Amino acid sequence: MSSFTPIELMICAAAGLLEDGSTVVVGTGAPCAAAMLAQRTTTQRMTLFFEAGGVGPQLPRMPISVGDSRTFYRAVMATSMADIMATCQRGVIDYTFLGGAQIDRYGNLNSTLIGGTYEKPKVRLPGSGGANDLGSLCWRIMVMTQHDPRRFVEKVDFITTPGYLTGPGAREAAGLPEGTGPYKVITDLAVLGYDDETKRMQVESLHPGVTLADVQAKTGFELLAREPLSTTLPPTAEQLEILRTEVDPHRYVLGRA
Amino acid sequence: MKLPQGQGQGPLFASPDCEQARKALRSRPRAMVPKVMTAAEAVTRFVADGDYLASGGFGGDRIATAPLHEIVRQKKQGLSLAGHTATHDFQILCAGNQTGRGKLLAKVDIAYVIGLEARGLSPHGRRVMESGEVEACEWTNYTLALRFKAAADGVPFTIARTMLGTDTFMHSAAKAIRCPFTGQVVAALPALWPDVAVIHVHEADPLGNCRIRGTSVADYDLARAAKKVIVTCERLIPEDEIRRDPTHTVIPFFCVDAVCEVPFGSYPGNMPYEYFSDEEHLKQWLDAERDPAGHLRFLEHYVFGARDFAEYLERCGGLRRLQELRRQEVFP
């Protein structure tokens, strides 16, 4: 078995969760790498969407903006942002990848502010962008992030993007489309999902060499664990080869970790 | 029926009154006449202090850099902004806040500001937004796009199934309503008619008929929603060329008040099929912002003290640099 870095494992694990024939809205960075890797290995018939209007590009390299011309390079359509979001609202988009500065047990995400008041925040962050829309309207929300207690918090400072809000039924009660919501969280320690009953975050597989106690120690709220817990499959040699030579040869994502 | 949640408490920065908008649009000149002018003239004529401004494109992709610089150079004051993925365009406008030139931005409808996507956060953008001197209201990329669409349709509001249940919603000016047909809860979004929009396109004729290649982002609706539109184009083309193939017209002349020919007009942003973004210059800009004094020197050199956009391009490396960016775009 060849050696690999935590970010490589995260990208390969995320790629492995995507289904062939599906549709996915991606952003820049690691999620884009995961989608590109999946397309080159297991999901050749998966279609990528970018929120500014790119549909089905054959990405020549990783975009730097979700609206730059690479997001519709050799694409099947270059359309509008509202058309992409409406496609999500119609129920046609299976997956989306989101990020944030904070996430709680229900998968609610904060990318708006940290500390202070709304009028005078201690740290002002960009805000929703398209995240709230994608997190409201796509079927399954995936998050890739470093596992850190400052990120995995008891209570997010601001719910920018809806997870399961306050628990079972809360999304539907608020008016969000039925059956949508957080699906997986892929970190440098584990792959997490959500308990069907409680909608709380649960550990599903531990990365090789990581214990449940390690994951809990880096999480600011009490985690559930699925029984039996599995071990995350390590990247295959083929995945690593394609990731390093085709997906991210300039190490934009791989070099950052 | 009781609604399961509170209502958006954020401020409305522009009136969603469609009767008011019809009257404003009725009084706008729409004769089929040439309207070619410089970006400086267009900004002098069509951007007033206190206006609600919207910037086309996607932050650092197909942006109208020349009029944005001109708005800063002419020290426009007290503007409101539609910040839908406002990245480098926001960074340019922030140069008019906390730099000893008064207060350019007074109010911002925020879907996305401060950040430059994968490039990082703008230190000066943070200083401006964390100071409390800019009034904010939260939205999302889709809801801002839909607010333009409602305005383009000439109706006072539209609906969507997004934002509901979140703090983003509570800090927006959206309202939760029940669908009169199904009883489902939806978010009502007020139409947004900006006073003025700046939009960069690939080709325009002197009358203002415009062609855009690649993604249109929200510009189809924005051009129809704004009460005044300043268009900059990579190339002026003859009216005959527009008439030869009208399928490609995305913005018609009667939605346009000024046409400015600005080659490389999205620089340092990306222009699809023309040139890629200048990542080195954008990094330099972000780095310069770390130190306020250094940032001022940077802005003096590239924006405040540059005569016009052509001089800015020369200071950024001129034709040699642009040729490299063209190569990056065409051979990715």
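Each chain gets a letter, A, B and so on, in the order the sequences are listed, and its residues count up from 1. Quick caveat, the model's predicted, so the values are computed rather than measured.
Contacts between A/Q89 and chain B at a heavy-atom distance below 4.5 Å involve the side chain alone, from C-beta outward. Within the 4.5 angstrom heavy-atom criterion, only side-chain atoms of B/A145, from C-beta onward, approach chain A. Contact of B/C137 with chain A is made through the backbone alone, with heavy-atom distances under 4.5 Å. Contact annotation for A/L165: only side-chain heavy atoms (C-beta onward) come within less than 4.5 Å of a heavy atom of chain B. Heavy-atom distances place no part of B/E133 under 4.5 Å from chain A, backbone and side chain included. Interface residue A/Y73: only side-chain heavy atoms are found under 4.5 Å from chain B. Looking at B/S122, neither its backbone nor its side chain comes within 4.5 Å of chain A, counting heavy atoms on both sides. Both the backbone and the side chain of A/V123 come within less than 4.5 Å of a heavy atom in chain B. Residue A/V66 touches chain B through both its backbone and its side chain, counting heavy-atom pairs closer than 4.5 Å. Residue A/R61 touches chain B through its side chain alone, counting heavy-atom pairs closer than 4.5 Å. In this structure, chain B has heavy atoms under 4.5 Å from both the backbone and the side chain of A/S65.
Options B/G132, B/G115, B/G214 differ in how many heavy-atom pairs under 4.5 Å they form with chain A, and the most are formed by B/G214. The candidate with the highest count of non-hydrogen atom pairs below 4.5 Å against chain A, out of B/E135, B/R62, B/R119, is B/R119. When each of B/R126, B/E117, B/M129, B/E130 is checked for heavy-atom pairs under 4.5 Å with chain A, B/E130 comes out on top. Considering only heavy-atom pairs separated by less than 4.5 Å from chain B, the leading option among A/P126, A/A78, A/A131, A/A86 is A/P126. When each of A/G54, A/P60, A/G129, A/G130 is scored by its heavy-atom pairs under 4.5 Å with chain B, the top score falls to A/G129. Contact count against chain A (heavy-atom pairs under 4.5 Å) is highest for B/A111 among B/A118, B/A187, B/A111.
Atoms OG1 and CZ, from A/T160 and B/F169 in turn, are 15.0 Å apart once rounded to the nearest 0.5 Å. Distance check: A/N108 CG to B/D167 CG gives 9.0 Å after rounding to the nearest 0.5 Å. Atom OG of B/S131 is separated from atom NZ of A/K120 by 7.0 Å, given to the nearest 0.5 angstrom. Atom CZ of A/R124 sits about 6.0 Å away from atom CD1 of B/I114, to the nearest 0.5 Å. Here the SG-OH distance, from A/C88 to B/Y142, works out to 8.5 Å after rounding to the nearest 0.5 Å. The CD atom of A/E172 lies 12.0 Å from the CG atom of B/L164; values are rounded to the nearest 0.5 Å.
Residues B/Y273 and A/S69 have side chains not in contact (no heavy-atom distance under 4.5 Å, counting atoms from C-beta outward). In this structure the side chain of B/T162 never reaches within 4.5 angstrom of the side chain of A/M85, judged on heavy atoms. Side-chain contact check for A/I64 versus B/F276: some heavy-atom pair is nearer than 4.5 Å.
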A/T112 vs B/H171, side-chain contact (heavy atoms from CB on, under 4.5 Å): CA-CA, chis, key distance, verdict: CA-CA 11 Å; A/T112 301; B/H171 287 274; over 6 Å; no

For side-chain contact (heavy atoms from CB on, under 4.5 Å), just list the numbers for A/T161 and B/T168, CA-CA rounded to whole Å, side-chain angles, deciding distance to a tenth of an Å, and then say yes or no. CA-CA 7 Å; A/T161 299; B/T168 306; 5.9 Å; no

Step by step, work out the side-chain contact (heavy atoms from CB on, under 4.5 Å) result for B/Y220 and A/S80. CA-CA 8 Å; B/Y220 179 95; A/S80 68; over 6 Å; no

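Counting only N and O atoms by type, the side chains of A/D133 and B/T143 include no donor and acceptor under 3.5 Å apart. A/N132 and B/T166 are linked by a side-chain donor-acceptor pair at a separation below 3.5 angstrom, with hydrogens and angles left out of the test.
No more than 12 heavy atoms of other residues, nucleotides or ligands lie within 6.0 Å of CD1 in B/I159, so this atom counts as exposed by the packing criterion. Counting non-hydrogen atoms of other residues, nucleotides and ligands closer than 6.0 Å to CD of A/Q44 gives a total above 12. Residue B/E280 places its CD atom among 12 or fewer non-hydrogen atoms of other residues, nucleotides or ligands, all under 6.0 Å distant.
Checking each of B/L144, B/I110, B/T140 against A/S128 for a side chain to side chain contact (heavy atoms under 4.5 Å, CB included) leaves exactly one that passes, namely B/T140.
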